[in-house]
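Report on the structure given below.
What you see below is based on every heavy atom in this structure, not just the backbone, and it leaves out hydrogens, waters and symmetry mates. In this text, all values refer to a predicted model and were calculated from it rather than measured experimentally.
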Number of protein chains: 2
Amino acid sequence: MQILYPTIKDVAAKANVSTATVSHVINNKGRISPETIKKVLKTIKQLKYHPSRSARGLASHKTGNIGFIVTSDHFLKTEAFYTRIFLGVEFEAHRHDYYVLLTTTKSDFKKGDSLPRFVLEQSIDGIIVAGKIPKLLLETLCEQKIPLVILDYIPKYFECSSVLIDNVRGGILATNHLIEYGHKNIAFISGEISHSSISDRLRGYKQALNDSNIEIDEKLIETSDDYLSMQNGYKATERLFKKNKNVTAIFAGNDTIAIGAMQYLKDNNFNIPNDISLVGFDDAETNSLLTPPLTTIQVPKIDLGIEGLQLLVNIINSENKMIKKSIVPVELKLRESTKPRL
Amino acid sequence: MQILYPTIKDVAAKANVSTATVSHVINNKGRISPETIKKVLKTIKQLKYHPSRSARGLASHKTGNIGFIVTSDHFLKTEAFYTRIFLGVEFEAHRHDYYVLLTTTKSDFKKGDSLPRFVLEQSIDGIIVAGKIPKLLLETLCEQKIPLVILDYIPKYFECSSVLIDNVRGGILATNHLIEYGHKNIAFISGEISHSSISDRLRGYKQALNDSNIEIDEKLIETSDDYLSMQNGYKATERLFKKNKNVTAIFAGNDTIAIGAMQYLKDNNFNIPNDISLVGFDDAETNSLLTPPLTTIQVPKIDLGIEGLQLLVNIINSENKMIKKSIVPVELKLRESTKPRL
DNA sequence: CTGAAAGCGCTAACAT
DNA sequence: ATGTTAGCGCTTTCAG
């Protein structure tokens, strides 16, 4: 038993117009008189008509789908950073009448590994890549000539349309905040230093110090290319304190690293913020539950996703395949893990 | 400039057969001779042919899509519990040649709110619901007569196909472990007690105590219907210790609650596991990074998703619309937060 | 075991 | 401003 849903023919018949007219109304193409539009729209509502995706796709050579690619590592991150970005993309996709097909990819994509299924099967009109993905995969994707936008990552050797966080500015904001609080020995710790977002935060840190005529001390910079985990935050802090005893403030590459640092500090009887001020980056939603709540740089993750989808739709609909870029702003979220130095 | 991809016609022409035959081979229907099959398959590979989803959908009245519904609260949870379930679903969907459309819904779905878009537009062949979603939404979904499977939740007033965690057994395992370690005053704490998964864990707890002839002391049970957050774990533990001073072991409704409990215990100078043994539930991936690493009940989240998708495909392909249920097993994951009582 | 042909529901030229 | 109509690429009877 199959329920029969109304088709464009039913709408056309009921509204006394041709299917072409209904189609034109749906896609607001052609010049249709306001009365006809109203009439057709009313009939559509009455019949609860929804155009068939398959039929539209077949006739128009568009799928109405967007592919969303993220590494499973990133997607499973505890801070739900990319999950939020996805939510923003999904939200905006809704408004533009797209479905989003989410797929995760391994972070060690090798020659011969197959592309995401929706690419091979051409089931998408455009691709959003969230965060760093393997270079080879990205290159192969770009070769497909499918509209593509990268979020929160800049590939090193070629240009792509992208939406980025203003990481340098974030780094400056965080560091200036600590400088304004009277700190001089400000450390920077992080993992994944080869991720453009992280290295940009470090650049912001250095620039802020420079601007305030504070000498950059490499012994205060403790980075690695390890995964951004609490554990690695813990270890980085450990290494930092081995080299350096007189740190009074730490700027962590992201919140997870900061939480790791927090644990190290607690375990070693440093009081935050009395002994050490600590600033994170990302504004993970659980930060405010920490003791003390973490001062951090707030990143509008949902907005990042929204902007990314808009950019992609833009590219899909435009003739010229220009490379377009957007930067989303960040701001300092003042909480209790930082304190003026006495 | 549009790249032209091969169609079924191209395959048919190159293989010297009709398009019907190619179609039959693709869907392995009809009785085609092995040689023909081989020939067609070879041609498909040569041409890198992928059937068009739209065309298939239009002709067959199937979409090849599965809808995945989860509340945004659950999806954004820090433990990535439902993210992992989704990954399992996606993985298995791949094998069955389905795409998964993920949508989040608010946890306060009200009368008049619209159904997920893919339901209204009939862009899916079946639905997977992950975790508790609003009753009204679930009811409306069921009325649609679309194949549906619920993961990790039992609605109270009607029957649905579902895949559940063996929560009762998990509760028994956790509690027995503590009993075997010589604990008598074993507490149970949790939030979201109206979620069937949590209340079942409590049932397991009670049953294990019963089986060991330990009297159930309501003062040792501290539950609420608050969200499963670290903060609420902290508070629950606080309330527990106000009522009760001689607890030696705590079984927490899930790992997040357990981490909150851990913080309370640390803040109040209880040593884990020397003073208090602590068991969680879920096996969130970050547990092993805690100090001490958390003993917990391991839930195979990916498998849960895989099983759910299999069940759904089963229902989609079967004539009789029987209600089917699966239970995924759990096991005790022994780490360092529990210790025999001296 | 294989093929011919009639649609599936929509879009997009082209008419009018 | 609206209608006519030929496909889009596939599945699916029905014949042979």
Side-chain angles (χ1 to χ4, degrees), chain A residues 2-41 43-44 47-65 97 99 120-123 125 316-317, chain B residues 2-41 43-44 47-65 97 99 120-123 125 316-317:
Chain A
Q2 183 70 37
I3 303 171
L4 280 189
Y5 293 98
T7 73
I8 199 170
K9 273 190 189 167
D10 301 320
V11 177
K14 184 132 196 250
N16 275 315
V17 294
S18 72
T19 60
T21 303
V22 178
S23 176
H24 281 151
V25 171
I26 294 172
N27 302 293
N28 43 101
K29 284 187 183 171
R31 319 126 286 253
I32 314 278
S33 73
E35 307 94 72
T36 314
I37 294 185
K38 217 193 302 180
K39 189 171 57 179
V40 170
L41 252 27
T43 317
I44 288 179
L47 261 39
K48 292 187 184 163
Y49 165 72
H50 292 276
S52 145
R53 291 251 161 190
S54 304
R56 293 182 98 167
L58 182 53
S60 67
H61 294 282
K62 302 223 166 104
T63 64
N65 297 330
D97 213 23
Y99 287 124
L120 295 174
E121 301 181 348
Q122 303 120 40
S123 323
D125 299 334
I316 290 174
N317 295 331
Chain B
Q2 183 71 35
I3 304 170
L4 280 190
Y5 294 100
T7 71
I8 199 170
K9 273 190 191 168
D10 301 321
V11 177
K14 185 131 196 253
N16 274 317
V17 293
S18 73
T19 59
T21 303
V22 178
S23 175
H24 282 149
V25 170
I26 294 173
N27 302 292
N28 45 98
K29 285 188 183 171
R31 316 128 286 251
I32 315 277
S33 73
E35 306 93 75
T36 313
I37 293 186
K38 217 194 300 180
K39 187 171 60 178
V40 171
L41 252 26
T43 317
I44 288 180
L47 259 39
K48 293 188 185 166
Y49 165 72
H50 292 276
S52 145
R53 291 250 160 191
S54 303
R56 292 184 101 166
L58 183 53
S60 67
H61 293 282
K62 302 224 167 103
T63 62
N65 297 330
D97 212 23
Y99 286 124
L120 296 173
E121 299 180 350
Q122 302 122 41
S123 323
D125 300 334
I316 291 173
N317 294 332

Open item on the list: Nearest 0.5 Å, please: how far is CG in Asp97(B) from CZ in Arg53(B)?
Closed with: 4.5 Å
Task: Worked verdict on Val25(B) versus Val22(B) for side-chain contact (heavy atoms from CB on, under 4.5 Å) - done: CA-CA 5 Å; Val25(B) 170; Val22(B) 178; 5.6 Å; no
TODO: Apply side-chain contact (heavy atoms from CB on, under 4.5 Å) to the pair Ile44(A) and Ile26(A), showing each step before the final yes or no.
DONE: CA-CA 9 Å; Ile44(A) 288 179; Ile26(A) 294 172; 4.2 Å; yes
TODO: Check Thr36(B) against Ile32(B) and note the closest heavy-atom contact, atom names and distance.
DONE: CB-CG2, 3.6 Å
TODO: Rounding to 10 degrees, work out the angle separating the end axes of the helix from dC1(C)-dG16(D) to dT16(C)-dA1(D) (five pairs an end).
DONE: 30°
- [ ] Write down the atom of Leu120(B), the atom of His50(A), and the distance for their closest heavy-atom approach.
- [x] O-CD2, 3.2 Å
TODO: Can you establish whether the number of heavy atoms outside Lys39(B) located under 6.0 Å from its atom NZ is more than 12?
DONE: yes
Task: Nearest-Å distance for atom pair CZ/C1', residues Arg31(B) and dT2(C) - done: 10 Å
TODO: In whole angstrom, give the distance that lies between atom CG of Leu58(B) and atom P of dT12(D).
DONE: 12 Å
Open item on the list: Within this structure, what is the CD1-NE2 distance for the pair Ile37(B) and His24(B), rounded to the nearest 0.5 Å?
Closed with: 11.5 Å
- [ ] Quickly work out the Arg53(B) CZ to dG9(D) P distance and round it to whole Å.
- [x] 17 Å
Open item on the list: Using modelled atom types and a 3.5 Å cut-off, is there a donor and acceptor pairing between side-chain atoms of Ser60(A) and backbone atoms of Arg56(A)?
Closed with: yes
Task: DNA chain C contacts made by residues 34-41 of chain B, counting heavy atoms under 4.0 Å - done: Thr36(B)
- [ ] Look at the side chain of Asp125(A) and the backbone N and O of Lys62(A), then say whether any donor-acceptor pair between them is shorter than 3.5 Å.
- [x] no
Open item on the list: Can you tell me which nucleotide in dC10(C), dC10(D), dA12(C) comes closest to the side chain of Ser60(A)?
Closed with: dA12(C)
TODO: Any chance you could lay out the side-chain contact (heavy atoms from CB on, under 4.5 Å) test for Tyr49(B) and Ile8(B), step after step, and finish with the verdict?
DONE: CA-CA 8 Å; Tyr49(B) 165 72; Ile8(B) 199 170; 3.7 Å; yes
TODO: Tell me whether the OP1 or OP2 atom of dC10(D) has a side-chain N or O from Tyr5(B) closer than 4.0 Å.
DONE: no
Open item on the list: Please evaluate residues Lys14(B) and Leu47(B) with respect to the criterion side-chain contact (heavy atoms from CB on, under 4.5 Å), reporting the C-alpha separation (whole Å), side-chain torsions for both, the decisive distance (0.1 Å), and the verdict.
Closed with: CA-CA 9 Å; Lys14(B) 185 131 196 253; Leu47(B) 259 39; 3.8 Å; yes
TODO: Give the rounded distance in Å between these two atoms: CD1 of Ile32(B) and C1' of dC1(C).
DONE: 7 Å
Open item on the list: If I take atom CD1 in residue Ile44(A) and atom C1' in nucleotide dG9(C), what distance separates them, rounded to the nearest angstrom?
Closed with: 14 Å
Open item on the list: Could you tell me how far apart Arg56(B) (CZ) and dG7(C) (C1') are, to the nearest whole angstrom?
Closed with: 18 Å
TODO: Measure the distance from CD on Glu121(A) to P on dC10(D) and round it to the nearest whole Å.
DONE: 12 Å
- [ ] Send over the distance from Ile8(B) CD1 to dC10(D) P, rounded to a whole Å.
- [x] 5 Å
Open item on the list: Does anything in residues 15-29 of chain B come within less than 4.0 Å of DNA chain D? Heavy atoms only, and list the residues if so.
Closed with: Ala20(B), Ser23(B), His24(B), Asn27(B), Lys29(B)
